[in-house]
K.L.:
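Quick one: this structure, given as structure tokens, is what I'll be asking you about.
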Amino acid sequence: MSGYALQIGAILCVHVIAAYAAYMTLAAGQLNLGIAGFMALGAYGSAVLSNAGWAMPQSIAGAVLLASLVGLCVSYPVLRARGIYLTIATLAFSEVVVALILNMESLGAASGLVVVGHLGFWPILWVTLGVVALVVFLASTRFGLCLTAIRNDAQGAAVFGVRTRRIEVTAFTIGAALAGLAGALYAHHFSYVEAQRFNVLLSTYAVLYTLLGGLQTPLGPLVGAALFTLAPELLRGTDEWRYVTFGAVIVVLMLLRSEGLFTRSFIHNLMHRRPAT
Amino acid sequence: MKPKLFLHGVTLAFGGLTVIDSLDIQVMPGSRTGLIGPNGAGKTTVFNLISGVYRPNAGEILLDDEAIDAVPLDRRVRLGIGRTFQNLRMMKHLTVLENIMLGQHTHVGLWQRMLVPLNSPFNRAGLTETRAAAQLMGLSAHADLLADGLPYGVQKRIEIARALVTRPRLLLLDEPAAGLNSSERDELLSILLTQLPKEMSVLIVEHDVAFVSSLCDHVVALNFGRKIAEGRAEAVCSHPAVIEAYLGKDDDAADADAGVPAPALDETIVPQESDQKSERAPGAERGTHAA
Amino acid sequence: MFAQQLMNGLMLGGIYALVAVSFTLTIGILNFLNFSIPALFMLGGVVSCALLAAGVPAVGAAAGALAATGLASLLVERCTFRWLSTSDPHIPLVSSLGFLIFFENLVLVYFGSDAVGYPSPFARASVKVSDLTVSLPQTGGFLLALVLVALCYVLLKYTKLGRGLRSIAESPAIAEMLGVKVGWTVSSVYLVSGLLAGIGGILFGISYLQVSWDMGSEVALKGVSAMVLGGMGNVWGAVLGALIIAVIEVMTIAYLNSEAVNVFVYGLLLVIIAFCPRGLLGDRVKMAERM
Ligand SMILES: Nc1ncnc2c1ncn2[C@@H]1O[C@H](COP(=O)(O)OP(=O)(O)OP(=O)(O)O)[C@@H](O)[C@H]1O
Ligand SMILES: [Mg+2]
């Protein structure tokens, strides 16, 4: 594979993991626009640890731990809010994290931070596949059942004994951990981090991939992220128009397939039509 | 004998409107108690009080002689209170089987919830129970379909199956037969008569007098949140206050003169209710969410 | 120095206020966070800039820009409103994000990624009041913003349209039954909201003399924060929030550095939501009443 393809592959993997981070809270019905903030925590956390001489796996694990701890602490106050308030709170959190980093000279402030060590495409791919497997597994358990139930009707789920708050906090924390992982992988792939990159747009795209792929199955984010990361690459000829097209595609897609591309009934039809044809 | 469930002077007001007014209801262990009353009498609100959606403004709710007012909504099912919803609360992105499985939530340990896939052999006990409940309610053919978009009657039966797998000791059924055709209704009646454990206490809201009379040994009639009559089914259904509540005062006087109140009641209630209810449903539902 | 900064802050606050009120209208009435508003803001600035540069007189340029934002806003309405009533609140949000990406990149294609100088007919007209420099276009814009917000308030509070809107905020279904033309009324909400954002964009151009394809994002984030700060759906709250945020921003830049702005603005926002999870002034329906 060419260097360019590997580069795109690594970016795709980071997008997929970020999309799963967005998926965890969205699956429970809440929109988290703080993904970029947790990615920044992961990226800078692992960068600092690596630069302090830790081995790469340990520093990435440390960064994931940091992101999930912060996620856990933030989730309690943030999840008291609902709907739009929650979305705005997560967005504010993300902006605060980035703004704090930009104010810290020790983290390189606006000029960014060079990271010791480089992570190639293949290890990133294995980690990504692990993440996909993990989320697919979680979605197949009762925990996944509860997430869907809370998204469909939180009060209805509570009547059957589902402690909605706990489930939401767990999902939010796992999402934070995944975002941290995505950030750490990103930092080590490019060996350089820059706080400005972790802006609202990044969170927005993670959410878009997930919603366009569909929330109904744990494969939705994978489909969404893959399609919408790779399609613009294929459209490279029409370089400047590709994001115009992207915007239009989103609008049309929401009109035609508001539940996302990859729904349960889609899979059901696929499986039940096969034998007949 | 101690009552299984005892509502004692329970009062609930929304804003300034008193919806339940110092209500006393007793459900004896193992009894089948009916709750009847015209539209808007407060029957569903009583269920919402018992299952913890609302807290009473005054009075208390005793389960096995213990006040449960402090127990939050999501822990009432642990006390053995299972319920169905009049306005169908299906999880539309879950299959029928998964919807039913949700009812088992409190019977499964924390680690099992996180670590055992629903289709794995480690969940065999849960699957077996779910399938049995589905079969009991005649849902086997639909088991793997998404609940969303299934016919009303089927969704009603999913509700009941889901309530059954919570293994309730007190089962609350909110208009289980509404929207079913007469053969489905007879089938449901025979299931409820024969398949429920004898020691399970059941409180059931239903407008169909024949259904209530054949199932319930005790009936409470409500109007405007107050109890207006109580006793054996036939006695309550022909009680003048109940007829007045359903038919209005003038008709009642006329009917009383004619001397045939009971059949009129039977015929008038049943067909009308199911239509009106579906109209009212969204409004009531929204109120519940706002609370 | 301090007085000058305070005045600069208030001028900036006028623009934030327009955007905040624009957000507040769709949230307060339709419970919809309209992500396309930054794009409408940008369209107002960029289209008027292009028209001015092409030699169109000021009034014509403003009218053209507002026509563009109004049309864009109605286009957004066509593609989002019908999802607002469905159960999934994320669909309209994603559609409006799609519009944001679409419009911003469309402008990027035609205008390029660099900021463009705004050929303001008023340029840098200003007067000196003791040692304060008062920019005339900025002051005019600030007053215009206040007048527009006041008009909005009157519109919501005292007109038939406003009553219709408030009934829709309570429940679209009931509003429909009461004879409110829901479709038409909702279109006018989008239109008013879009026009406010568009005017904000024009004022931004006049005040700061440059426009760019991404000028909407930062301003919109501040506008959303202002709205939450003042209480969602509350018009005057949004103005107050906008002024507070703008003054904090200008003061931070003047006395600390520009990187610290977001720490204070978003930190404040986070703390407020953490302590008042439903915003400073309670929930949505109550706000609709107050409007
Ligand atoms: N959340 C709420 N807020 C305000 N009023 C409510 C709320 N829930 C119920 N009510 C009112 O309480 C009264 C009783 O409602 P409830 O749903 O309990 O009646 P019901 O007996 O179940 O009627 P039906 O036979 O139609 O199901 C009605 O007047 C209803 O409008
Ligand atoms: Mg009812």
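Please read these numbers as outputs of a predicted model, since none were measured by experiment. As a basis for the values below, the full set of heavy atoms in this structure was taken, side chains included, without hydrogen atoms, waters or symmetry mates. Per chain, numbering begins at 1; letters A, B, ... match sequence-line order.
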K.L.:
Please determine whether a side-chain nitrogen of the Lys or Arg among A:R264 and A:E259 lies less than 4.0 Å from a carboxylate oxygen of the Asp or Glu.
P.N.:
no

K.L.:
Counting a contact as any heavy-atom pair under 4.5 Å apart, which residues of residues 110-122 of chain B contact chain A?
P.N.:
B:R113, B:M114, B:L115, B:V116, B:P117, B:L118

K.L.:
Does anything in residues 140-147 of chain A reach chain B? List residues with heavy atoms under 4.5 Å apart, or say none.
P.N.:
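If one takes a 4.5 Å heavy-atom cut-off, the residues of residues 140-147 of chain A near chain B are A:S140, A:T141, A:R142, A:F143, A:L145, A:C146.
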
K.L.:
With a 6.0 Å cut-off (strictly less than), is the heavy-atom count around NE2 of B:H8, excluding the residue itself, greater than 12?
P.N.:
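12 or below, so no.
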
K.L.:
I'd like to know which of B:V108, B:T95, B:I81 tops the heavy-atom pair count under 4.5 Å against chain A.
P.N.:
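Counting heavy-atom pairs under 4.5 Å, the top option is B:V108.
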
K.L.:
Output the distance between atom CD (B:E206) and atom CD (B:Q86), rounded to the nearest 0.5 Å.
P.N.:
9.5 Å

K.L.:
Less than 4.0 Å between a side-chain N and a carboxylate O, is that true for B:K156 and B:E159?
P.N.:
no

K.L.:
Which distance, rounded to the nearest 0.5 Å, do you find between the CG of B:D74 and the CZ of A:F160?
P.N.:
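The distance works out to 13.0 Å.
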
K.L.:
Quick one, B:L192 and B:L173 - any side-chain contact, counting heavy atoms below 4.5 Å?
P.N.:
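Result yes, sub-4.5 Å side-chain heavy-atom pair found.
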
K.L.:
So for atom CD, which belongs to B:E60, do other residues, nucleotides or ligands contribute more than 12 heavy atoms lying within a distance under 6.0 Å?
P.N.:
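Correct, the count exceeds 12.
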
K.L.:
Taking NZ, NE, NH1 and NH2 as the nitrogens, is one of them in B:K4 or B:D64 under 4.0 Å from a carboxylate oxygen of the other?
P.N.:
yes

K.L.:
Checking heavy atoms, do the side chain of A:T170, its backbone, both or neither come under 4.5 Å from chain B?
P.N.:
side chain

K.L.:
So which part of B:L145 gets closer than 4.5 Å to some heavy atom of chain A, the side chain, the backbone, both or neither?
P.N.:
side chain

K.L.:
Where on B:T166 is there a heavy atom nearer than 4.5 Å to chain A: the side chain, the backbone, both, or neither?
P.N.:
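For B:T166, the contact with chain A is made by the side chain alone.
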
K.L.:
For B:L102, which atoms come within 4.5 Å of any heavy atom of chain A: side chain, backbone, both, or neither?
P.N.:
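Backbone plus side chain of B:L102, per the 4.5 Å heavy-atom cut-off to chain A.
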
K.L.:
For the residue pair A:Y23 and A:Y20, does the interplanar ring angle fall in the parallel (under 30°), tilted (30 to 60°) or perpendicular (over 60°) class?
P.N.:
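Rings of A:Y23 and A:Y20: perpendicular, as their planes differ by over 60°.
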
K.L.:
Do other residues, nucleotides or ligands put more than 12 heavy atoms under 6.0 Å from the CZ atom of A:R257?
P.N.:
yes

K.L.:
Going from CD1 on A:I35 to CG on A:L178, what distance comes out if it is rounded to the nearest 0.5 angstrom?
P.N.:
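Between atom CD1 of A:I35 and atom CG of A:L178 there are 9.0 Å.
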
K.L.:
Enter the distance from B:D65:CG to B:L5:CG here, rounded to the nearest 0.5 Å.
P.N.:
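Here the interatomic distance stands at 11.0 Å.
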
K.L.:
Non-hydrogen atoms of chain A under 4.5 Å away: do they reach the side chain of B:N99, the backbone, both or neither?
P.N.:
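For B:N99, no heavy atom lies under 4.5 Å from chain A.
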
